[in-house]
Structures are given as structure tokens and as C-alpha cells.
S.K.: 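Dropping the structure in here first, questions after.
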Number of protein chains: 2
Amino acid sequence: MKNTKQKILNVSLDLFSIYGFEATSMSKIANTIGIRKASLYSHFESKQAILNEIIDEILEYYDKKSNFVNTDWNTVDVPENVDEIVKKIQEQIQFILHDPYISKARKMLVIEQFNNPILSKLQTKQNYIDVLNYFTEFIQLLIQKDILIEEDATIMASQFCLPITVWINLCDREPERENEVMEQICKHIEQFFKVYKKG
Amino acid sequence: MKNTKQKILNVSLDLFSIYGFEATSMSKIANTIGIRKASLYSHFESKQAILNEIIDEILEYYDKKSNFVNTDWNTVDVPENVDEIVKKIQEQIQFILHDPYISKARKMLVIEQFNNPILSKLQTKQNYIDVLNYFTEFIQLLIQKDILIEEDATIMASQFCLPITVWINLCDREPERENEVMEQICKHIEQFFKVYKKG
DNA sequence: CCTACCGATCGGTAGG
DNA sequence: CCTACCGATCGGTAGG
């Protein structure tokens, strides 16, 4: 029962993240699971209700798993060493890139961003504002610690994290480019610290 | 006749760029123009044929209008003054952002990038590779002219143009943010030149 | 450009 | 969870 309900949610997100909500039919969802379309309505009262519950799941998962909203920079001990910082950030990128739930949610938000106002706002929050705020605080801390030079922290954060969001989107679209992209990311981070490092 | 055919192409791109190809129906296209669905088939043999012709138009328009593939850097006189460079780039961004054809094409490619292999490749080419190559050559030239310091030109170009592509996407999604975004872009470009300027 | 129609599929319901 | 069904709409065709 609960198993089937979860299967419906998972399969629906799979399909929504590739084809979009409208272009995914209830039959397609049902067939993918191996049940009849009518049976979906034992678990959800409508197609919209499936999407609503997926959105709830995304919000919940995000609040639980995302560093971007959960980090208390006062308690985090930031490594002083640039190599260590690069390593930490690479790990974060690998997680965001491959966590099956996060990556599918991200793709769905990209697809639905122009026709669903709720998902549009969510896309801006999760994949722009929260990320930018996180890295702005991170860079402010590095400036305070005299690791980076004192410039506009928001602009520095933009230059740091926005190229990475483009590369993540590129990997979502063409996963075969991942190695090439990770190399670019690595070079980019090193270059960033080289140019903004104090002294 | 030809007028109606062009109307069909325009209206279809309008709708495809918001809802996507699959989720846009032939009736919706016809009703938006004010004709009957069956009449569409006097101009196009199928819904797919409309998309194919739109893709051809995008390719043609892009080849004709895009700086990113048409610039011969040997003949372009790059302004030495950073303020002049900032101004030129802002003009380019304004054009890309508001040209009705380019902006709709860009939105459609974003929406269709995960389920249509042709549009997926086109998205990577037009909105990543060509842009990055263009700015890599631009920065190489500025390095040659002793305006910028000598670092990896591709990485510098990434740091320069990829944040801007994110901001353009943000404006596509939330046009009311345009002023705020243009301010960020301006600060970003100035910061970039401040940090990479020679001497 | 239209009316009238096709079979297939859409989201959803009844009833078991 | 199923079969059987609903009206509406899908992409597309015939014929004028």
C-alpha cells in the first residue's frame, strides 16, 4: 500500500523531470509501475495531487539535506588551507549532482519554471537565492579570517558559484561530460582563490 | 497565406517556449491565431513539422544575428577602456535578453533540453559552447593587448560569462527582477576587470 | 480557409 | 488492486 504510493511518487518524479508534468500521462505512470491507471486514484485524488505531494517531499528533503539553508557558519570550522576548501566543495558538488532525489527535483524545476508559478519561485529559491546566500556568507567568513581580499562578497559569491550551477545543469543535460566539467570546476575554484587570495 | 504560415510559426514558438512542445496542442495554436485546427494542416503536415521549421528558423536567425559565431576578432577594434567594454557588453546583454525571437528560442531550449536530443545539443551549442568560445577569444585578445593578466583564458571566460547566463535565465523566469539583475551584472563586470586587470 | 469526422488517448469515476 | 466505462480532447484526415 504505502509501498505503492511511494512508487507512484518516485516514478512520477522520474517522468516529470524528463517530460514535464503536462506531457506525462497517468497511464504512463501506471504502466511504468505495472498497474492500471485507475489504481492510481486509490492513492491520489488527481494528477495534480501527485505533483503537490512531490513538491511537499522536495521541500522536506531540501530542508533536511541541503547545506544551503542549514549551515550555521559560527559552528562550522572552515579549513584554512585552499586545497582543503576545494576538496570540500567538490564533495558537495558530487552529492548535489548525483543524489537521485535532488537531481530529479532540479531537472523538474528547470522544465517547469516558465509555466508553473509555484515551481518558478521554488527554482529561484533553491537553485539561486539560497546558493548565493550560502556562498556569500562563506566568502564573508573567509574575508574575516584574512584568507580572501576584501571585495563585494555577493559579487564574489556570484562569480564563484554561478558558473558551477551552469556546469551542473550541463551535466544534467549531458552526463557524459561530467569528467570534463569536473576538471573545469576544479580549475575554476583554484583560479578563484588564486586571484582573490590575500597577500 | 504566407502570412498565416508565419503566424503559425510565431504563435507555436510563443506557446512551446512556455508550455513545451508536447503540452501545446494544435487546437491551442489554432485558437490563438483565430482559425480552426484543421486549417493548420494546409501549412504543415504535422505538429512535428511545425517544430522542425521553428528549429530551422532558430538556426538561420542565430547564424545571421549572433555575435557568438560571427565575430572575426582580427577586424574588431576592442576598446582599450574598461568602461567602454562594460558598455558594449551591457548592450549585447540587452539585445539577447529582449530580442523576441532569441528569448523565446532560449526558453524553449531550456524546457526541452531533457527530452529532445536535437534541442539538447542545440542548447549546449548556442547557450554554452559558442558563448564560452566567444568570450575565451575575447579575453585572449585582451591578454595579448596587455589589458588583462595572463591566466587560463577559458576559465576566465567561464567566470566572466557563465554568471551572466544564469542571470539571463533568471530574467527569463522573473522579468520583474531585470533592474536588480542588471545592477549585479554591472558590478560583476567591473569586479572582474578590477581583479584581472594588468598592473 | 471551413465543417465534419476518425481512432486513440486524456484525466477521472463507478463498482467490485 | 481490477474491469469497464465516462466526456473531453488529442493529432490528424476527407472533402469541399
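Below, chain A is the first sequence line, B the second, and so on; all start at residue 1. Because the structure is a prediction, the values reported are computed rather than measured.
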S.K.: By nearest atom, which of the nucleotides D:dC1, C:dG11, D:dC2 is closest to the A:R36 side chain?
M.R.: D:dC2

S.K.: Would you sort out whether A:W167 and B:Y128 count as a side chain to side chain donor-acceptor pair (under 3.5 Å), showing the intermediate values?
M.R.: CA-CA 9 Å; A:W167 281 317; B:Y128 178 75; 2.8 Å; yes

S.K.: Can you measure B:N31 atom CG to D:dT9 atom P for me and round it to whole angstrom units?
M.R.: 11 Å

S.K.: For the pair made of CD in A:E22 and P in D:dG11, what is the distance, rounded to whole Å?
M.R.: 12 Å

S.K.: For DNA chain D, whose closest nucleotide is more 5', that of B:S42 or that of B:K47?
M.R.: B:K47

S.K.: Tell me: NZ of A:K28 to P of C:dC10, nearest whole Å?
M.R.: 10 Å

S.K.: Any idea which of D:dG12, C:dG11, C:dC1 is nearest the B:T4 side chain?
M.R.: C:dC1

S.K.: CD1 of A:I50 versus P of C:dC10: gap in Å, rounded?
M.R.: 14 Å

S.K.: OP1, OP2 of D:dG11 versus side-chain N and O of B:S46: anything below 4.0 Å?
M.R.: no

S.K.: Would you mind reading off the distance between B:F44 atom CZ and D:dG12 atom P, rounded to a whole angstrom?
M.R.: 13 Å

S.K.: Between the side chains of A:R177 and A:E174, is the shortest nitrogen-to-carboxylate-oxygen separation below 4.0 Å, so that they form an ion pair?
M.R.: yes

S.K.: Rounded to the Å, how far apart are A:M26 CE and C:dC10 C1'?
M.R.: 11 Å

S.K.: Tell me: NZ of A:K37 to C1' of D:dC2, nearest whole Å?
M.R.: 14 Å

S.K.: Among D:dC1, C:dC2, D:dC10, which is the nearest nucleotide to the side chain of B:A38?
M.R.: C:dC2

S.K.: Roughly how many Å is it from NZ in B:K7 to C1' in C:dC1, rounded to a whole number?
M.R.: 12 Å

S.K.: Using the side-chain heavy atoms of B:I35, tell me which of these nucleotides is nearest: D:dC1, C:dC2, C:dG11.
M.R.: C:dC2

S.K.: Let's test this: given Watson-Crick or G-U wobble pairing with both distances under 3.5 Å, identify the partner of C:dG16.
M.R.: D:dC1

S.K.: I'd like to know if A:K107 pairs up with A:D172 as an ion pair, taking the criterion as any Lys NZ or Arg NE/NH1/NH2 lying under 4.0 Å from an Asp or Glu carboxylate oxygen.
M.R.: no

S.K.: Does this structure show an ion pair linking A:K194 with B:E151, if we count only N-O contacts that are shorter than 4.0 Å?
M.R.: yes

S.K.: At under 4.0 Å between heavy atoms, what does B:S39 touch on the DNA or RNA strands: base, sugar-phosphate, or nothing?
M.R.: base

S.K.: Could you tell me whether the phosphate oxygens of D:dC10, OP1 or OP2, come under 4.0 Å of any side-chain nitrogen or oxygen in B:S25?
M.R.: yes

S.K.: In this structure, which one of A:L162, A:T124, A:I129 forms a side-chain contact (heavy atoms from CB on, under 4.5 Å) with B:L170?
M.R.: A:T124

